[in-house]
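Proteins come first, then strands; the chains are lettered A, B, ... in the order of their sequence lines, and each starts at number 1.
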Protein chains: 2
Amino acid sequence: MGVTKTEFYTEEQIAFSTIIKALGHPARLAIIDHLLKVNSCICNDLVNEIQLAQPTISQHLKELKNVGLIKGNIEGASICYCIDEKVIAKVQNYFNRFVEVLNSKKSNCC
Amino acid sequence: MGVTKTEFYTEEQIAFSTIIKALGHPARLAIIDHLLKVNSCICNDLVNEIQLAQPTISQHLKELKNVGLIKGNIEGASICYCIDEKVIAKVQNYFNRFVEVLNSKKSNCC
DNA sequence: TAATTATATTGCAATATTACGATATGTTTT
DNA sequence: AAAACATATCGTAATATTGCAATATAATTA
């Protein structure tokens, strides 16, 4: 049906899959990579950096903003986007805990 | 168009977004969570654990297998799935490096 | 070997995503 | 104020994803 059943998952599963899903597209990873590379926050040099039309970039930015991965500040005519460290840290923690649990029980059959 | 343009991204961006995308669904996170919880590798108790039809679970397992996040071993009539630690570790590293870079340049405008 | 159990595949309907042209909105410059 | 720039939104076409019933496949048990 194309519709994800959400009623049976934990809050955490839904919250994390939503954030992670936003990172599951190369254009959005490229945006994040670029925001990370240029020290200061960057607006739509992204449109020049990434080979996608401006509305498409805008749409991807919106998705990243929706899940809280980036923040945008109006800066005159343009908008200054940057990564929200707290949300990225949450994702980092998720995977760190993950690997910790994995390591604590070294009993894989495969 | 629904079709992702891949020709302009780095190998890494494509590789990681593909793996991460597979984790961007609550059912697949639930599968991974469950594989992590039960010490030994588990087959399709998943069908009982997760409130989705058997073909749907099978499909999600396939996606996780395709990106290498899990491996499956035939065990008599059933199949024993487990997490591939190496691939998860790669994801962990990605985010760790990420946060490292973020911390090294504390110059966010937002 | 027939029935049962475990899993995968096929086919399909409903919905979501991706991408972009056209256009709207808001700011700065002239 | 008009032109130019920066960004967002709308509408839409193409494609992908989600979920499942039906069915296929393969191993196990009776």
Checklist outcome for this item: A/Q59 atom CD is separated from D/dA8 atom P, nearest whole Å, by 12 Å
Checklist entry - How about B/I70 and B/C82: do any of their side-chain heavy atoms sit closer than 4.5 Å? => result no
Checklist entry - Phosphate oxygens OP1/OP2 of C/dA19: is one of them under 4.0 Å from a side-chain N or O of A/H25? => result yes
Item to check | N or O in side chain of B/Y81 less than 4.0 angstrom from C/dA6 OP1/OP2 | outcome: no
Next on the checklist: Quick check on C/dT9: is either OP1 or OP2 less than 4.0 Å from any side-chain nitrogen or oxygen of B/K62?
Outcome noted: yes
Checklist entry - Taking atom P of D/dC5 as reference, at what distance in whole Å does atom CG of A/N48 sit? => result 13 Å
Checklist entry - Think A/S58 has a side-chain N or O under 4.0 angstrom from the OP1 or OP2 of D/dA8? => result yes
Item to check | Along DNA chain D (nearest heavy atom to each residue), the more 5'-positioned of B/I74 and B/K21 | outcome: B/K21
Checklist entry - Atom CG of A/L29 and atom P of C/dT18: how far apart are they, to the nearest Å? => result 12 Å
Next on the checklist: Suppose we screen for salt bridge (Lys or Arg N to Asp or Glu O under 4.0 Å). Which residues come up paired with A/E63, at least two apart in sequence or across chains?
Outcome noted: A/R28
Checklist outcome for this item: Between CD of A/Q51 and C1' of C/dT18 the distance, given in whole Å, is 17 Å
Next on the checklist: Please check this pair: side chain of B/S58 against backbone of B/P55, looking for a donor-acceptor N/O pair closer than 3.5 Å.
Outcome noted: no
Checklist entry - Considering only heavy atoms and no angle criterion, is a donor-acceptor pair shorter than 3.5 Å present between the side chain of A/Q54 and the base of D/dA8? => result yes
Checklist entry - Can you check the B/R28 CZ to D/dT17 P distance for me, whole Å? => result 9 Å
Checklist outcome for this item: Separation of D/dC20 atom C1' from B/I50 atom CD1, nearest Å, is 16 Å
